[in-house]
Amino acid sequence: MKKGHSLGIRIASLAAAVVVVALLVFAGLSFSRSSHSETQVGLAEISDTIKPDSDYTISIVGDISLADNWRIMPVYDSRGKGVNGILSDEVLKIMRESDFMVANSEFTVSNRGTPTPGKYYTFRAKPERLSIYGDMGVDLVTLANNHVYDFGPTAFNDMLESFEAINMPYVGAGRNLADAKKPYYLTLPNGYRVAFVNATRAEKWGIDTPGATATTGGVLLCYDTAEFIDTIKTAKANSDYVIAVIHWGTEWSHKLEQVQKTTAKDYINAGADIIIGGHAHTLQGIDYNGGKPIVYNLGDFIFNDNTEDTGILQIKFLAEGGIKFYFLPGQQKNEFTNLLSGDARTKKINEILSWDGSSAKILEDGEIVAK
């Protein structure tokens with residue numbers, strides 16, 4: 001069950017992980033982090049050493065806007081139901097009961113700043129809106145996208161401080177390049193370590209969202225892939241499994257850009273174990289490369305007033321060893337997101353598998369497998 005976001009609980013979770021590692025060392029089954037730079041320790045090997053009582057589920061959703069000057073928040077306020085007014089009970093149950101929940105946060109957070117000159121859409125939320133992530137059950141946000149810098153550097157820095165104030169970890173952005181490249185590491189109950197990394201190449205007609213530098217804040221850009229590849233390699237050297245989230249693709253299109261196909265392979269070769277995309281406002285195809293899944297786009301999750309495809313991706317680390325992937329298709333309609341069922345669900349899955357870049361199968365229970 002979801003444990004919430006208090007600092008005390010996070011410290012308790014860390015303490016439990018330390019105890020587990022200490023027990024392994026005492027038993028002569030040492031699981032050293034330094035070993036990752038030499039020999040990768042596989043999940044099955046660790047799971048044979050110590051098994052959790054149940055599966056561990058990481059769920060990931062696409063783009064979320066909690067901006068006060070955009071579509072969702074005015075409806076959220078007028079309906080007066082909190083998150084139940086914008087997300088179905090089924091969706092909320094999945095999010096809250098996931099062991100770890102990840103979302104793409106696509107707006108800046110501040111009461112200050114001015115809109116980026118010449119930029120048509122600029123999104124900003126009051127800091128208190130971030131409590132909604134707690135209501136949803138979100139544990140980590142990805143920030144490498146084209147709207148976190150919409151109100152300039154002051155608002156951008158306020159956003160980082162606002163997330164830090166509620167103890168919400170983030171990846172893909174920072175006060176300098178080293179921070180923007182920093183992976184987020186999650187230790188599972190069996191000692192298995194998962195890394196999250198995040199970058200963006202979303203803007204096509206000029207880059208309004210600056211890339212972080214050695215001395216200035218911004219996002220991690222991957223138009224030139226070198227920095228992101230270096231980030232992935234660092235994450236892999238210090239973890240067992242790397243989840244790479246990328247903001248990219250053509251908006252409102254199921255057709256992939258060639259750069260998505262080519263760089264996804266580059267990132268897998270660098271050490272990414274799954275590629276997950278956002279930004280297109282809609283779903284895109286699901287592929288496999290070298291046994292690694294590529295979910296090209298999760299699109300909008302709860303973002304605007306359009307009717308758009310969406311869904312929840314789940315990565316399940318099984319108690320008996322191994323990993324399974326699941327996709328739960330959904331729809332954003334009338335500022336409300338729910339999951340599809342019956343014929344609508346079957347039809348949407350068949351559509352996804354027919355789109356550009358798809359080479360996977362989705363089984364009846366939603367499991368994604370290679371053909």
Solution key, residues 228-235 side-chain donor-acceptor pairs under 3.5 Å, sequence neighbours excluded:
{"unit_1": "Asp230", "atom_1": "OD2", "unit_2": "Lys181", "atom_2": "NZ", "d": "2.7"}
{"unit_1": "Thr231", "atom_1": "OG1", "unit_2": "Glu227", "atom_2": "O", "d": "2.9"}
{"unit_1": "Thr234", "atom_1": "OG1", "unit_2": "Asp230", "atom_2": "O", "d": "3.1"}

Q: Let me know which of Gln260, Lys255, His254 forms a side-chain hydrogen bond (donor to acceptor under 3.5 Å, both in side chains) with Gln284.
A: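 Single pass found, and it is Gln260.
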
Q | ring pair (Phe, Tyr, Trp, His ring centres under 6.0 Å) between Tyr149 and Phe123, worked out | A | CA-CA 9 Å; Tyr149 211 92; Phe123 305 141; over 10 Å; no

Q. Is a donor on one side and an acceptor on the other found under 3.5 Å between the side chain of Lys93 and the backbone of Glu97?
A. no

Q.
Taking the six-membered ring of Tyr56 as reference, does the cationic atom of Lys316 (NZ for Lys, CZ for Arg) lie under 6.0 Å from its centre and within 45° of its axis?
A.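 Not satisfied by the 6.0 Å and 45° rule.
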
Q) For the rings on Tyr121 and Trp70, is their centre-to-centre separation under 6.0 Å? A)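 Between Trp70 and Tyr121, which both carry aromatic rings, the centre distance is below 6.0 Å.
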
(Q) Using side chain to side chain contact (heavy atoms under 4.5 Å, CB included), reason through Asn176 and Thr215 one step at a time and then give a plain yes or no. (A) CA-CA 5 Å; Asn176 52 53; Thr215 57; over 6 Å; no

Q. So, Asp68 and Arg124, do they make that salt bridge, N to O below 4.0 Å?
A. no

Q.
Can you list, by chain and residue number, the hydrophobic cluster partners of Phe336 when the side-chain cut-off is 4.5 Å?
A. none

Q.
Tell me if a side-chain donor or acceptor on Asp240 pairs with a main-chain N or O of Arg193 at a distance below 3.5 Å.
A.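 Such a contact is found between Asp240 side chain and Arg193 backbone.
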
Q. When the aromatic ring centroids of His281 and Trp252 are compared, is their separation below 6.0 Å?
A. yes

Q: Among residues two or more places apart or on two chains, list those pairs meeting salt bridge (Lys or Arg N to Asp or Glu O under 4.0 Å) that have a residue in residues 79-89.
A: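 Passing the test, one end in residues 79-89: Arg79-Glu335.
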
